[in-house]
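What follows is a short report on a single structure.
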Amino acid sequence: QQAVSGMEIFGARTEGPLKTCLEEVSKCEVFVGIVGMRYGSIHEETGKSFVQLEYEEALKKPLEICIYLMNEENALISPKFVDVGDSAAKLSEFKTLLQKKHTVGNFISPEDLASKVEKDLLRLFSDKKWIVEEERLQPSVEPKKMVELLRKFDLMPKRFAGSEVELIIEYS
């Protein structure tokens, strides 16, 4: 059985956002990290983005980790919506770290990302000999709606500045 867990479905909770995110990561068997052109919301105490802290939490667990980086040369967003200054430097350092530790996938569009995640997860299922019950692989959000959300995020990042789009996939 699988379930997709992401910030958009966490709901209201007593815990702070970072604690909620880290608890959700600790429940998973696969961490899918998607990194675009913004470093994301910064945790004041550590100076790191929530995504980087979630990634570091995933490293502490025996999780499978799949990382996808937006192709910087062929990105579908205007350079004016790309982080600059300190955030850009932190993002660059984070991406370099990810590329050193993992074989990363690159994507240029929401459709490209979806195709690569699906292919990689099916390969992972096969390698791990996890049983895939096709009828249970229904996403919690309709694929068209997810693609629309990702496209809006790509085309209007200023509107979504400070927001995070994250997928945490849990298999049991």
Side-chain angles (χ1 to χ4, degrees), residues 4-8 10 17-124 127 146-170:
V4 177
S5 179
M7 290 181 73
E8 67 280 354
F10 288 172
L18 180 61
K19 184 174 181 186
T20 298
C21 291
L22 298 180
E23 285 176 357
E24 290 295 325
V25 169
S26 70
K27 295 177 188 177
C28 295
E29 291 180 51
V30 178
F31 177 84
V32 177
I34 302 170
V35 181
M37 306 299 275
R38 293 203 182 260
Y39 188 54
S41 299
I42 307 289
H43 182 249
E44 288 182 22
E45 291 176 30
T46 63
K48 295 179 182 179
S49 73
F50 277 44
V51 172
Q52 186 164 354
L53 292 169
E54 291 166 343
Y55 165 74
E56 290 173 359
E57 183 71 17
L59 286 177
K60 295 176 190 174
K61 311 291 179 190
L63 300 181
E64 294 295 328
I65 297 177
C66 298
I67 302 293
Y68 301 89
L69 303 178
M70 181 180 281
N71 183 311
E72 293 181 8
E73 292 181 21
N74 298 307
L76 300 175
I77 62 174
S78 170
K80 69 181 180 181
F81 297 118
V82 176
D83 270 347
V84 295
D86 190 43
S87 290
K90 287 182 177 184
L91 176 63
S92 179
E93 288 174 23
F94 183 41
K95 287 180 175 181
T96 298
L97 171 75
L98 294 171
Q99 290 170 322
K100 285 181 180 176
K101 289 184 93 50
H102 307 280
T103 302
V104 302
N106 290 285
F107 66 96
I108 59 171
S109 69
E111 294 84 2
D112 184 40
L113 174 62
S115 171
K116 289 177 177 178
V117 170
E118 178 182 29
K119 177 182 155 202
D120 291 343
L121 290 179
L122 288 174
R123 178 193 41 77
L124 179 61
D127 291 351
M146 185 59 74
V147 168
E148 285 176 30
L149 174 66
L150 291 171
R151 183 172 285 118
K152 285 179 185 175
F153 186 78
D154 280 343
L155 298 177
M156 299 182 294
K158 190 171 185 177
R159 178 175 169 205
F160 293 96
S163 298
E164 295 180 14
V165 176
E166 174 182 331
L167 301 174
I168 300 172
I169 302 175
E170 179 179 336

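Please read all numbers here as calculations on a predicted model, not as lab measurements. In this chain, residues are counted from 1 in sequence order.
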Legend entry - Donor-acceptor under 3.5 Å (Thr96 side chain, Ser92 main chain):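 Such a contact is found between Thr96 side chain and Ser92 backbone.
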Inset, instruction - Sequence neighbours left out, what passes side-chain hydrogen bond (donor to acceptor under 3.5 Å, both in side chains) with Lys90? Give chain and number order. - result: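 With sequence neighbours excluded, Lys90 shows a side-chain hydrogen bond (donor to acceptor under 3.5 Å, both in side chains) to no residue whatsoever.
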Do [X] and [Y] have side chains that approach each other closer than 4.5 Å (heavy atoms only, starting at C-beta)?
{"X": "Leu98", "Y": "Tyr55", "result": "yes"}
{"X": "Ile34", "Y": "Phe107", "result": "yes"}
{"X": "Asn74", "Y": "Asn106", "result": "no"}
{"X": "Glu64", "Y": "Phe31", "result": "no"}
{"X": "Val82", "Y": "Leu91", "result": "no"}
{"X": "Lys116", "Y": "Leu113", "result": "no"}
{"X": "Lys101", "Y": "Ile67", "result": "no"}

Inset, instruction - For Ala88 and Asp83, work out which heavy atoms get closest and say how close. - result: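 Result for this residue pair: CB-O, 3.2 Å.
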Inset, instruction - Looking only at non-hydrogen atoms, find the nearest pair between Leu22 and Leu53 and report the distance. - result: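 The answer is CD2-O, 3.6 Å.
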Inset, instruction - Apply side chain to side chain contact (heavy atoms under 4.5 Å, CB included) to the pair Phe94 and Lys48, showing each step before the final yes or no. - result: CA-CA 9 Å; Phe94 183 41; Lys48 295 179 182 179; over 6 Å; no
Inset, instruction - Carefully, step by step, assess Lys61 and Glu57 under the rule salt bridge (Lys or Arg N to Asp or Glu O under 4.0 Å). - result: CA-CA 7 Å; Lys61 311 291 179 190; Glu57 183 71 17; 3.7 Å; yes
Legend entry - CG-CD1 distance between Leu59 and Ile65, expressed to the nearest 0.5 angstrom: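 These two atoms lie 4.5 Å from each other.
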Legend entry - Glu54 CD to Cys28 SG distance, which is reported to the nearest 0.5 Å: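 Result: 10.0 Å between the selected atoms.
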Legend entry - Atom CD of Glu118 with >12 non-hydrogen neighbours under 6.0 angstrom: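 At most 12 heavy atoms, drawn from other residues, nucleotides or ligands, come within 6.0 Å of this atom.
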Inset, instruction - Flag yes if more than 12 heavy atoms outside Glu72 fall under 6.0 Å of its CD atom; otherwise flag no. - result: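 No, because the 6.0 Å sphere around CD of Glu72 holds 12 heavy atoms or fewer from other groups.
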Legend entry - Criterion side chain to side chain contact (heavy atoms under 4.5 Å, CB included) against Tyr68, the qualifying member of Asp112, Val35, Val32: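 Only match with Tyr68 under side chain to side chain contact (heavy atoms under 4.5 Å, CB included): Val32.
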Legend entry - By ring pair (Phe, Tyr, Trp, His ring centres under 6.0 Å) - contacts of His43 (at least two apart):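 By the ring pair (Phe, Tyr, Trp, His ring centres under 6.0 Å) rule, His43 matches no residue at all.
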